[in-house]
Amino acid sequence: MPVPMPPAGVRARELAFLRRQLRIARQGAQFVRVSGEPWSGKTHLLRQLAESARRDGWTVAFGRAPRGGRSHPYDVLVDALDDELARADGALFERLGPAAARRLAVVFPSLGTTGEREPDDYGTVRALRALLTELSGRGGLLLILDDAHRARPEVVEFVEHVVRHPPDGPVLTVLAHRSGPAGGPLASMAHEAGNLRHVRLAPLSEAEARSLLPAALDPRARALVLRDAAGVPGLVRALAAEPGPGRGLHSVGELTTGVPPAGAGASVGAVDLHTLSSPGWRTACAAAVLGDPFTAGALARTAGVPLAEVERGLDELHAEAVVVPVPGTLRFRFARPAVRALVHHASGAGWRREARARAVAALREEGPGRASPALAAHLLDEDGPPAEEDVRALVLGARAWLFVQPARTLRALDRLSESAGRVPAGLLLLRAKGLLLAGRAQESVGVHEEVWPRVHEAWEDGGRADAVLWRARALRMLGRHAEAGELLAGAGQWAAGPRLQRERLALALAAGTPPAEALEEPAEPAGRAGAAGAAVPPGLCGLAGPADGPALRVHALALLAAGRVASGDGPGAVGAADAAGALLDGLGPADMAAELEALCLLGGAELSLGRAGRAEAWFAWGLRAALEFGQAALAGSLALGLARARSAAGDEASAAGYREFAGAMLEHHSVESPEDSGRSVPATLRADRNELPGSSRMFLLSDREREIAGLVGSGYTNQRMAARLDISTKTVETYMSRIFKKLGVHSRAEVAHIVGRSGTR
């Protein structure tokens with residue numbers, strides 16, 4: 001499908017700056033360096049500048065440094081200026097003089113000279129500078145040198161000379177090159193000259209990147225494209241070109257090792273990797289098969305070529321900023337995981353299969369410890385049951401991926417189930433966790449029911465409490481509060497620790513009845529030292545223990561904040577929310593991967609406290625992490641919270657996008673939002689929802705739920721709806737239960753009232 005070009009608003013500030021430099025150059029020659037990572041929009045920006053300059057009467061000379069090892073000394077200048085010289089008449093060369101004309105004839109093919117290059121490089125540089133002056137006399141000269149990081153040393157010397165000794169005329173020279181070390185000498189060009197400016201192309205804002213996407217793109221695919229492209233325009237267009245159905249909400253980690261998910265590498269043609277040299281492309285393909293991070297030795301084995309050839313390919317990939325070294329190691333990785341996915345899917349399927357076998361052999365040689373997750377990622381796509389030697393790698397991979405790649409954990413467990421013998425109860429419980437994190441709560445409950453007669457097999461080392469906790473959480477997220485309560489109540493004294501206390505409070509909040517004892521100050525003095533020397537915050541003696549780390553204490557504080565909001569204790573809620581925020585400031589996404597529900601609770605509490613800015617920050621923080629780790633169970637809830645926070649701040653355009661994504665996620669996964677369910681019953685939490693107009697409240701419902709709500713508004717009974725929609729009455733009752741929870745109502749009359757206000761009947 002055709003790749004859309006960026007709309008005019010993308011890079012508008014940078015284009016405006018370059019146009020100002022054109023006007024300044026009327027008074028004297030100017031120079032601008034434009035730098036950015038690969039596919040950041042440098043070339044498109046320069047083409048826009050060139051079109052604008054031509055309309056204003058400038059002579060435009062646009063050159064691009066060649067790829068693939070061509071060796072003409074002034075390659076990019078020849079590409080820019082040779083056509084101009086071919087059109088020039090004799091008067092130009094008379095003004096330049098015979099000596100300069102002779103030197104230029106050696107450089108430019110259009111002048112028809114094929115002799116050897118003269119040794120006087122300085123004379124050639126002076127002749128080129130004089131040429132720029134002469135060409136500027138017809139309304140000004142815009143000289144654009146694109147991909148200048150590939151230019152020969154002679155070009156760099158020429159640029160450094162003319163910056164110090166500018167042409168005597170209206171000339172604007174713009175050099176575009178890769179940022180960082182890939183920019184070569186141009187990236188470190190001195191800034192002392194008053195006529196030299198630097199424009200850095202940063203990643204696009206979310207709104208700018210979103211404007212590049214096709215309007216018909218599925219909301220879930222849109223979120224993944226925005227995440228994986230990371231604001232790089234070329235990657236936005238490449239990933240959105242043919243996104244494919246995908247396999248759910250894949251994590252970023254799934255792009256770095258093993259076979260990237262379907263739809264994660266749509267169109268390599270939208271980026272210019274095909275212009276790499278043959279060794280560079282082969283090395284890139286081998287690196288994509290092997291996965292991040294990789295050593296040169298393992299890469300040579302995967303590619304099936306000598307180490308020296310791979311090292312030359314790595315040098316090229318590093319020079320192009322496609323791969324970067326891993327600090328403190330002898331390893332490399334792709335600069336962007338999405339690029340690895342693009343290259344992987346662009347390499348030939350037959351070659352890729354053979355290369356993967358070589359990659360597995362190379363990873364085995366690196367040892368079972370360091371290479372296990374990377375090896376396991378490759379083993380997921382092998383045929384037949386796993387070999388005995390691979391079972392351990394798959395088990396280690398499944399455990400390592402649970403919170404950061406839950407979908408891959410499930411695939412690893414599927415592979416293990418193919419091996420002979422009965423699957424251990426511990427692995428089945430691990431599967432139930434992965435299903436819940438991936439947004440498949442109903443399946444998670446089913447696995448728990450299947451394994452429960454054998455759950456005693458996994459009751460060592462806290463396994464009993466862990467099994468109860470995750471089963472209760474799955475039931476809670478399905479809205480089956482009574483069943484979850486019975487499970488927790490029957491757990492007994494052996495499950496009285498902080499983890500299950502937190503789940504009891506979360507369930508009570510979801511049901512709208514937070515227990516008073518969970519919100520009381522502790523009888524013990526505050527400030528007990530934790531395992532890492534940190535004090536247990538006041539009010540958390542029942543929800544967090546001395547051995548709990550910062551992430552668990554954040555979760556406890558978020559629960560406490562939500563509970564105090566529900567009980568009407570505003571000051572107490574503020575104190576707990578502030579304490580949670582202070583802890584979160586020192587944590588990263590990986591630290592919170594197992595406790596992302598805390599961000600839902602904390603954001604909801606902050607929003608109910610009227611602190612929309614803080615709520616937006618926590619919802620956005622949590623949504624980024626949920627998307628990064630592929631935790632579909634929470635991504636929709638966090639997006640819904642972010643939509644509400646943006647709406648409260650008056651940003652309805654942004655809120656609408658998050659609502660659309662939240663609706664798609666919640667409808668697809670049918671889980672109850674931790675933040676939203678806790679707000680659906682207590683009056684203090686229903687108030688802000690009831691203030692929303694009906695049309696705003698209806699976005700909480702899926703398409704099917706809106707259809708049923710509309711029938712309620714028209715006076716249909718459950719039986720009539722079942723007959724009309726060709727579903728069972730029990731299914732209608734299930735939908736009605738969800739509608740009541742999402743809208744925060746208790747009767748059909750309230751549903752009808754909201755439908756009437758929304759105008760959707």
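Owing to the predicted nature of the structure, the values given are computational and were not obtained by experimental measurement.
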Colleague: If you apply the rule salt bridge (Lys or Arg N to Asp or Glu O under 4.0 Å), what do you find for R64 with D79, and how did you get there?
Modeller: CA-CA 6 Å; R64 196 170 190 179; D79 192 44; over 6 Å; no
Colleague: Any side-chain donor-acceptor pair under 3.5 Å between R33 and H177?
Modeller: yes
Colleague: Please work out whether the ring planes of W618 and W621 are parallel, tilted or perpendicular, with thresholds of 30° and 60°.
Modeller: perpendicular
Colleague: Scan side-chain atoms only and decide if R227 and H250 contain a donor-acceptor pair under the 3.5 Å cut-off.
Modeller: yes
Colleague: Output yes when a side-chain donor or acceptor of K42 lies under 3.5 Å from a complementary backbone atom of L175, and no otherwise.
Modeller: no
Colleague: Checking R210 now: which residues fulfil side-chain contact (heavy atoms from CB on, under 4.5 Å) with it, not counting sequence neighbours?
Modeller: E206, R222, L226
Colleague: May I ask you to say whether R11 pairs ionically with E14, meaning some side-chain N is under 4.0 Å from a carboxylate O?
Modeller: yes
Colleague: Relative to each other, are the rings of F334 and F294 parallel, tilted or perpendicular (30° and 60° limits)?
Modeller: perpendicular
Colleague: If you measure only the distance, is there a donor-acceptor pair under 3.5 Å linking the side chains of T43 and D146?
Modeller: yes
Colleague: Strictly below 4.0 Å, N to O, side chains only: are E37 and R178 in salt-bridge contact?
Modeller: no
Colleague: For F661 and A635, which heavy atoms make the closest approach, and how far apart are they?
Modeller: CE2-O, 3.9 Å
Colleague: Would you compute the distance between atom CG of L217 and atom CG of L212 and round it to the nearest 0.5 angstrom?
Modeller: 12.0 Å
Colleague: Nearest 0.5 Å please: distance from the CD atom of E157 over to the OH atom of Y74.
Modeller: 7.0 Å
Colleague: Less than 4.0 angstrom from a charged side-chain N to a carboxylate O is my criterion; do R312 and D315 meet it?
Modeller: no
Colleague: Side-chain donor-acceptor pair under 3.5 Å between T173 and Q30, yes or no?
Modeller: no
Colleague: When you check the gap from the basic side-chain N to the acidic O, do E652 and R659 get nearer than 4.0 Å?
Modeller: yes
Colleague: When rounded to the nearest 0.5 angstrom, what is the spacing between CZ in R103 and CG in L96?
Modeller: 12.5 Å
Colleague: Is atom CZ of R126 surrounded by more than 12 heavy atoms (other residues, nucleotides or ligands) closer than 6.0 Å?
Modeller: no
Colleague: Could you measure the distance from the CZ atom of R164 to the CG atom of N195? Nearest 0.5 Å is fine.
Modeller: 11.5 Å
Colleague: State, yes or no, whether a side-chain contact exists between C285 and W351 at a heavy-atom distance under 4.5 Å.
Modeller: yes
Colleague: Testing the 3.5 Å rule here: is there a donor-acceptor pair between the side chains of R646 and S654?
Modeller: yes
Colleague: Is it the case that the side chains of R87 and S110 hold a donor-acceptor pair, with the cut-off being a distance below 3.5 Å and no angle test?
Modeller: no
Colleague: Does a donor on one side chain and an acceptor on the other come within less than 3.5 Å for S251 and E628?
Modeller: no
Colleague: Short question: side chain of R150, backbone of P66 - any donor-acceptor pair under 3.5 Å?
Modeller: no
Colleague: Can you tell me how far CZ of R26 sits from CG of L172, rounded to the nearest 0.5 angstrom?
Modeller: 10.5 Å
